[in-house]
**Q** 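Would you mind keeping the following structure in view while I ask a few things?
Quick note on labels: first sequence line is chain A, next is B, and so on, each numbered from 1. Keep in mind the model is a prediction, meaning the values are calculated, not measured.
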2 protein chains.
Amino acid sequence: MNIGDIARITNLPAKTIRYYEDIGLVNPARDDNAYRRFNDNDVHKLGFIGRARSLGFTIEDCRALLALYEDKDRASADVKQIAQHHLDLIDAKIAELKAMRTTLGHLIESCAGDHRPDCPILEDLAVISQKEPC
Amino acid sequence: MNIGDIARITNLPAKTIRYYEDIGLVNPARDDNAYRRFNDNDVHKLGFIGRARSLGFTIEDCRALLALYEDKDRASADVKQIAQHHLDLIDAKIAELKAMRTTLGHLIESCAGDHRPDCPILEDLAVISQKEPC
DNA sequence: TCTTGACCTTCCAGTTACAGGAACCTCTAT
DNA sequence: ATAGAGGTTCCTGTAACTGGAAGGTCAAGA
């Protein structure tokens with residue numbers, strides 16, 4: 001199978017698949033014409049990576065998870081640790097965004113949004129006093 | 001005031017302030033020794049940018065907000081529109097992260113996390129069936 | 001046979017918002 | 001005179017791709 005077929009199957013852009021080869025996540029064979037030739041294992045791996053990425057794992061996480069996946073002597077604790085760490089990061093990010101959301105939501109509510117220049121949003125941003133960073 | 005003083009006042013790294021000059025957000029004067037010399041207006045602007053950034057506004061948003069701030073004939077509607085758009089992006093991001101969090105949370109719960117290789121997390125990632133991306 | 005269009009290749013640049021580091025200059029205090 | 005703190009520019013790297021240029025390959029139709 002050529003890269004276009006795999007792109008369709010895995011729902012990953014061909015560009016992305018080439019990139020994954022560049023950084024050593026996959027290693028497809030080559031035909032005489034230099035076209036990449038993907039086998040079932042490559043498809044499987046790329047699907048794995050795609051799903052991990054869609055859960056927000058970094059590329060390096062994907063690399064580690066893939067290695068564990070292929071290591072039949074792995075300890076599930078190692079997998080869980082990676083996942084838990086990632087979950088913690090997600091939770092931290094959600095908390096950060098929610099704090100922003102709250103502040104920004106209040107500011108937007110209080111802004112008339114008309115033709116006049118008066119704007120609580122700008123006034124807040126321009127405030128001299130040192131608040132804790134959001 | 002030199003860059004270090006401003007860095008302390010605004011709580012922005014000196015590197016960041018230089019970067020903001022590079023991209024034209026601020027334009028401090030220079031002393032004979034080529035040191036940047038910041039006045040009160042520069043401090044004010046950098047504080048403004050810092051607070052906008054801490055609410056997650058992009059640099060280009062900051063540029064636009066700063067322009068509106070300095071335009072005394074602005075319409076608050078223009079400010080509100082930028083803020084509302086940003087809020088929408090934040091909400092989308094929160095929703096995305098929450099979906100990841102839910103899926104990942106379930107997977108982690110179901111993983112024993114011991115010395116054995118069996119792992120529902122890996123099994124899920126390796127699934128052949130095409131689910132909707134998370 | 002020629003051509004057209006779809007597909008493939010590599011390589012380079014751009015994205016975001018900085019951070020790190022090298023090499024070097026300047027100021028102040030001892 | 002020298003040390004140390006602070007300033008300068010310039011270059012590289014980050015994450016994970018995306019876009020585009022320039023060009024090779026393949027299958028089908030006129």
**Q** Would a 4.5 Å heavy-atom cut-off, applied to side chains only, mark B/F38 and B/L46 as touching?
**A** yes
**Q** Do B/L97 and A/D91 make a side-chain contact, defined as non-hydrogen atoms from C-beta onward lying under 4.5 Å apart?
**A** no
**Q** Please give, in whole Å, the distance from C/dA17 C1' to B/I49 CD1?
**A** 13 Å
**Q** Are B/R37 and B/P28 close enough that some pair of their side-chain heavy atoms sits under 4.5 Å apart?
**A** no
**Q** Consider only side-chain N and O atoms of A/S76 and B/D114, and report whether a donor and an acceptor are under 3.5 Å apart.
**A** yes
**Q** Within less than 4.0 Å of OP1 or OP2 of C/dT10, is there a side-chain N or O belonging to A/R30?
**A** yes
**Q** Does a side-chain N or O of A/R18 approach OP1 or OP2 of C/dT9 to a distance below 4.0 Å, or not?
**A** yes
**Q** For D/dG7, does either OP1 or OP2 sit under 4.0 Å from a side-chain N or O belonging to B/R36?
**A** no
**Q** So which protein nitrogen or oxygen atoms get under 3.5 Å of nucleotides 22-24 of chain C's nitrogens or oxygens?
**A**
none

**Q** Sort by first number and list every stem of DNA chain C: at least 3 consecutive Watson-Crick or G-U wobble pairs, both distances under 3.5 Å.
**A** C:1-30 with D:1-30
**Q** Any chance CD of A/E70 has more than 12 other-residue heavy atoms, nucleotides or ligands included, within less than 6.0 Å?
**A** yes
**Q** When you match A/I3 and B/Y20 each to their closest nucleotide on DNA chain C, which lands nearer the 5' end?
**A** A/I3
**Q** May I ask you to evaluate whether B/R53 reaches the phosphate of C/dC18, defined as a side-chain N or O under 4.0 Å from OP1 or OP2?
**A** yes
**Q** At under 4.0 Å, does any side-chain N or O of A/T16 touch on OP1 or OP2 of D/dA16?
**A** no
**Q** Would you kindly give the CZ-to-P distance between B/F57 and C/dC18, to the nearest whole Å?
**A** 15 Å
**Q** What integer distance in Å separates A/D5:CG from C/dA6:C1'?
**A** 12 Å
**Q** Hey, what are the protein-to-nucleotides 27-29 of chain C N/O distances that come in under 3.5 Å?
**A**
| from | atom 1 | to | atom 2 | distance (Å) |
| --- | --- | --- | --- | --- |
| C/dC27 | OP1 | B/N33 | ND2 | 3.1 |

